[in-house]
Amino acid sequence: MTCIIYSKENCPHCLKIKQVMDLTEQKYVVYTLDMDFTREDFYGRFGEGSTFPQVTINEQNVGGCSETIKYLREQRIL
């Protein structure tokens with residue numbers, strides 16, 4: 001499973017999803033706003049008004065923190 005977390009600094013939801021990934025021993029890559037991408041890039045990919053974090057798994061957008069946790073439960077990973 002290939003997980004990418006689109007994150008920003010000082011975001012409690014971003015920290016939470018990273019902790020969940022660590023606890024479930026999922027490998028993931030973190031891209032950080034203003035280091036790896038711009039806000040325009042982010043909105044271009046996920047839509048205007050999207051919130052942080054956004055998570056993609058196997059190149060499919062899963063969504064934010066709550067949606068990702070739900071997805072991991074449905075896949076019996078969490």
Side-chain angles (χ1 to χ4, degrees):
M1 186 160 63
T2 303
C3 302
I4 300 174
I5 301 171
Y6 293 85
S7 180
K8 70 177 183 175
E9 294 292 321
N10 302 314
C11 169
H13 298 289
C14 298
L15 178 60
K16 181 178 180 178
I17 201 61
K18 292 174 202 173
Q19 291 171 336
V20 167
M21 291 294 190
D22 289 338
L23 288 171
T24 59
E25 300 180 351
Q26 300 304 305
K27 294 181 182 176
Y28 61 92
V29 175
V30 176
Y31 293 139
T32 305
L33 178 66
D34 297 329
M35 285 197 249
D36 301 305
F37 61 92
T38 66
R39 194 167 294 273
E40 291 77 24
D41 295 333
F42 182 78
Y43 288 148
R45 177 167 181 131
F46 299 108
E48 194 72 32
S50 294
T51 58
F52 287 91
Q54 288 295 310
V55 179
T56 62
I57 298 177
N58 297 331
E59 299 182 22
Q60 174 188 359
N61 184 37
V62 176
C65 185
S66 299
E67 294 87 2
T68 301
I69 290 170
K70 180 180 176 190
Y71 175 86
L72 292 173
R73 284 186 178 139
E74 289 171 352
Q75 300 301 311
R76 303 195 189 281
I77 295 169
L78 186 68

Residue pairs passing the ring-ring contact (aromatic ring centres under 6.0 Å, His included) test where at least one lies in residues 59-78, sequence neighbours excluded: none
Show the atom names and distances, to 0.1 Å, of all donor-acceptor pairs under 3.5 Å that link a side chain in residues 23-34 to residues at least two apart or in another chain.
unit_1: T24; atom_1: OG1; unit_2: V20; atom_2: O; d: 3.0
unit_1: T24; atom_1: OG1; unit_2: M21; atom_2: O; d: 3.3
unit_1: Q26; atom_1: NE2; unit_2: T24; atom_2: O; d: 3.0
unit_1: Y28; atom_1: OH; unit_2: D22; atom_2: OD1; d: 2.9
unit_1: Y28; atom_1: OH; unit_2: D22; atom_2: OD2; d: 3.4

Exam field: side chain N58 to backbone T2, donor-acceptor pair closer than 3.5 Å: yes
Sidechain-backbone polar pair: T38 side chain, D41 backbone, donor-acceptor under 3.5 Å: yes
Beyond-backbone contact of T56 with R45, side-chain heavy atoms, under 4.5 angstrom: yes
Looking at every heavy atom in both [X] and [Y], which two are closest together, and how far apart are they?
{"X": "H13", "Y": "P53", "value": "CB-CD, 3.6 Å"}
{"X": "G47", "Y": "S50", "value": "O-OG, 2.8 Å"}
{"X": "C14", "Y": "F52", "value": "SG-CB, 3.9 Å"}
{"X": "I57", "Y": "C3", "value": "CG1-SG, 3.9 Å"}

Please check if [X] and [Y] belong to a single hydrophobic cluster, counting links between Ile, Leu, Val, Met, Phe, Trp and Tyr side chain heavy atoms closer than 4.5 Å.
{"X": "L72", "Y": "L15", "value": "no"}
{"X": "I17", "Y": "I77", "value": "yes"}
{"X": "M1", "Y": "V55", "value": "yes"}

Sequence-distant partners of F46, ring pair (Phe, Tyr, Trp, His ring centres under 6.0 Å), two or more places apart: Y6, F42
NZ/K16: more than 12 non-hydrogen atoms of other groups inside 6.0 Å: no
Distance, nearest 0.5 Å, that separates CD of Q54 from NZ of K8: 11.5 Å
